There are 2 protein chains.
Amino acid sequence: MKLDQKDIQILKLLQNNARLSNKEVAAELDIAPSTCHERLKRLTREGFFRAFNANLNLKKLDINVQVMVSVRLNKHEREVVNSFIKRTRTLKGVIKFYHMAGDTDFMIHIGVKDSEDLRSFILDKLANFSYIDHIETAMIFYDECVCNLSIFESEVLE
Amino acid sequence: MKLDQKDIQILKLLQNNARLSNKEVAAELDIAPSTCHERLKRLTREGFFRAFNANLNLKKLDINVQVMVSVRLNKHEREVVNSFIKRTRTLKGVIKFYHMAGDTDFMIHIGVKDSEDLRSFILDKLANFSYIDHIETAMIFYDECVCNLSIFESEVLE
DNA sequence: ACAAGTTCACGAACAAAATTCATTATATTT
DNA sequence: AAATATAATGAATTTTGTTCGTGAACTTGT
């Protein structure tokens with residue numbers, strides 16, 4: 001499946017503003033709304049979008065502490081790893097979940113109200129999983145979704 | 001400003017599907033579209049949304065390598081830090097940008113085509129910033145935006 | 001180079017959703 | 001309880017989404 005410039009432009013626009021209307025995207029690309037609609041439908045059908053997420057202003061929700069929790073397990077069989085993922089990804093406060101290669105097995109971006117909630121998250125929820133080898137917590141001052149698609153403007157995929 | 005259950009439900013719904021139509025959200029909350037529209041407008045006006053991002057299927061874009069690059073600087077004056085941020089956050093391939101407290105100053109989630117592009121990213125783009133003390137790269141097997149808002153269902157903010 | 005076929009973009013027509021607003025209902029305050 | 005403020009509603013209007021027939025542009029095979 002080939003992507004041309006227009007397709008890539010659509011992806012980039014929605015990447016940075018997922019609530020743009022079809023009409024707005026069309027205007028940006030300088031094509032007819034119906035044409036744009038066809039392309040957007042095709043991109044969706046072909047699975048170019050994983051999800052559309054609203055990035056919330058956490059401070060307004062009284063979520064004042066964001067941290068990156070790095071976890072190392074002491075067993076790495078598929079079963080143990082899967083069970084960790086299954087159990088952890090649904091915990092309240094989890095924002096983003098990375099499964100890593102290397103020293104650290106998981107990096108979990110979490111957001112909570114205060115340091116008490118953080119303590120409870122780590123001690124009560126994370127640490128009582130049986131195969132934890134190591135947990136390290138680093139505070140996040142500031143995070144940002146940048147989304148600079150690493151595709152050259154001249155590049156066309158097929 | 002107070003948030004009630006319905007507001008929180010709206011935020012959660014859009015967090016997980018930012019392209020839901022007003023009508024769909026209204027149906028989910030079991031309220032009239034006009035009511036829902038008012039609330040959504042209010043939430044937007046009051047700044048509860050930072051952004052709406054499409055999460056793209058990177059494999060389909062020939063972006064096969066995702067890594068978390070940890071950077072430590074050897075100077076931490078505001079000027080140096082700001083200049084690093086300004087310079088780095090716009091680099092092609094940067095997906096998410098974390099400014100950290102602690103051992104590591106920045107964690108940068110990047111996505112590139114292959115290990116060659118990664119090498120070039122690190123050597124040509126990152127490493128020639130003057131105040132780099134340390135760069136560490138960890139491969140990401142898999143990442144996911146989970147968005148489990150850490151707000152209790154019974155909780156109401158004001 | 002040319003004909004046949006395919007792909008793509010377009011605009012008009014229709015359907016659906018967004019948006020506004022006057023009215024009614026529900027809370028809050030005094 | 002009356003008065004006031006706040007929120008929800010449905011109907012009317014505007015705007016957008018969606019479909020589809022038509023024609024332009026581009027491919028392919030000869």
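Values below: every heavy atom of this structure, side chains too, minus hydrogens, waters and symmetry copies. Note that the coordinates shown come from a computational prediction; the quantities given were computed from them, not determined experimentally.
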From [atom1] of [X] over to [atom2] of [N], roughly how many Å is that when rounded to an integer?
{"X": "A:Lys2", "N": "D:dC26", "atom1": "NZ", "atom2": "P", "answer": "14 Å"}
{"X": "A:Gln5", "N": "C:dA9", "atom1": "CD", "atom2": "C1'", "answer": "17 Å"}
{"X": "A:Asp4", "N": "D:dA25", "atom1": "CG", "atom2": "C1'", "answer": "14 Å"}
{"X": "A:Leu40", "N": "D:dT18", "atom1": "CG", "atom2": "C1'", "answer": "12 Å"}
{"X": "B:Glu38", "N": "D:dA5", "atom1": "CD", "atom2": "P", "answer": "19 Å"}
{"X": "A:Asn22", "N": "C:dC10", "atom1": "CG", "atom2": "P", "answer": "12 Å"}
{"X": "B:Lys6", "N": "D:dA8", "atom1": "NZ", "atom2": "P", "answer": "9 Å"}
{"X": "B:Ile31", "N": "D:dG10", "atom1": "CD1", "atom2": "P", "answer": "12 Å"}

Any base atoms under 4.0 Å from [X], or only sugar-phosphate, or nothing? Heavy atoms, all strands.
{"X": "B:Arg39", "result": "sugar-phosphate"}
{"X": "B:Ser34", "result": "base"}
{"X": "B:Ser21", "result": "sugar-phosphate"}

(message) Strictly below 4.0 Å: does B:His37 bring a side-chain N or O up to OP1 or OP2 of C:dA18?
(response)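 So the side chain of B:His37 is outside the cut-off, no N or O lying under 4.0 Å from OP1 or OP2 of C:dA18.
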(message) Tell me whether the side-chain N/O atoms of B:Lys41 come closer than 4.0 Å to OP1 or OP2 in C:dT20.
(response)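 The answer is yes; a side-chain N or O of B:Lys41 sits under 4.0 Å from OP1 or OP2.
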(request) Measure centre to centre between the rings of B:His99 and A:Phe141, then say whether the value is under 6.0 Å. (result) yes
(message) Strictly below 4.0 Å, N to O, side chains only: are A:Asp7 and A:Lys2 in salt-bridge contact?
(response) no
(request) May I ask you to say whether B:Arg50 pairs ionically with A:Asp143, meaning some side-chain N is under 4.0 Å from a carboxylate O? (result)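 Looking at B:Arg50 and A:Asp143, the cut-off is met.
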(message) Does the structure place the NZ or CZ of A:Lys86 under 6.0 Å from the centre of the six-membered ring of A:Phe84, at an angle of no more than 45° from the ring's axis?
(response) no
(message) Need to verify one output field. Residue with the more 5' nearest nucleotide on DNA chain C, A:Thr35 or A:Arg19?
(response)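 On the 5' side of the pair lies A:Thr35.
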(request) Kindly point out which of D:dT16, C:dA17, D:dG10 is positioned nearest to the side chain of A:Lys23? (result)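 Nearest to the side chain of A:Lys23 among the choices is D:dT16.
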(message) Does the plane of the ring in A:Tyr131 sit parallel, tilted or perpendicular to the ring in A:Phe129? Use 30° and 60° as the thresholds.
(response)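 Ring orientation, 0 to 90° scale: perpendicular.
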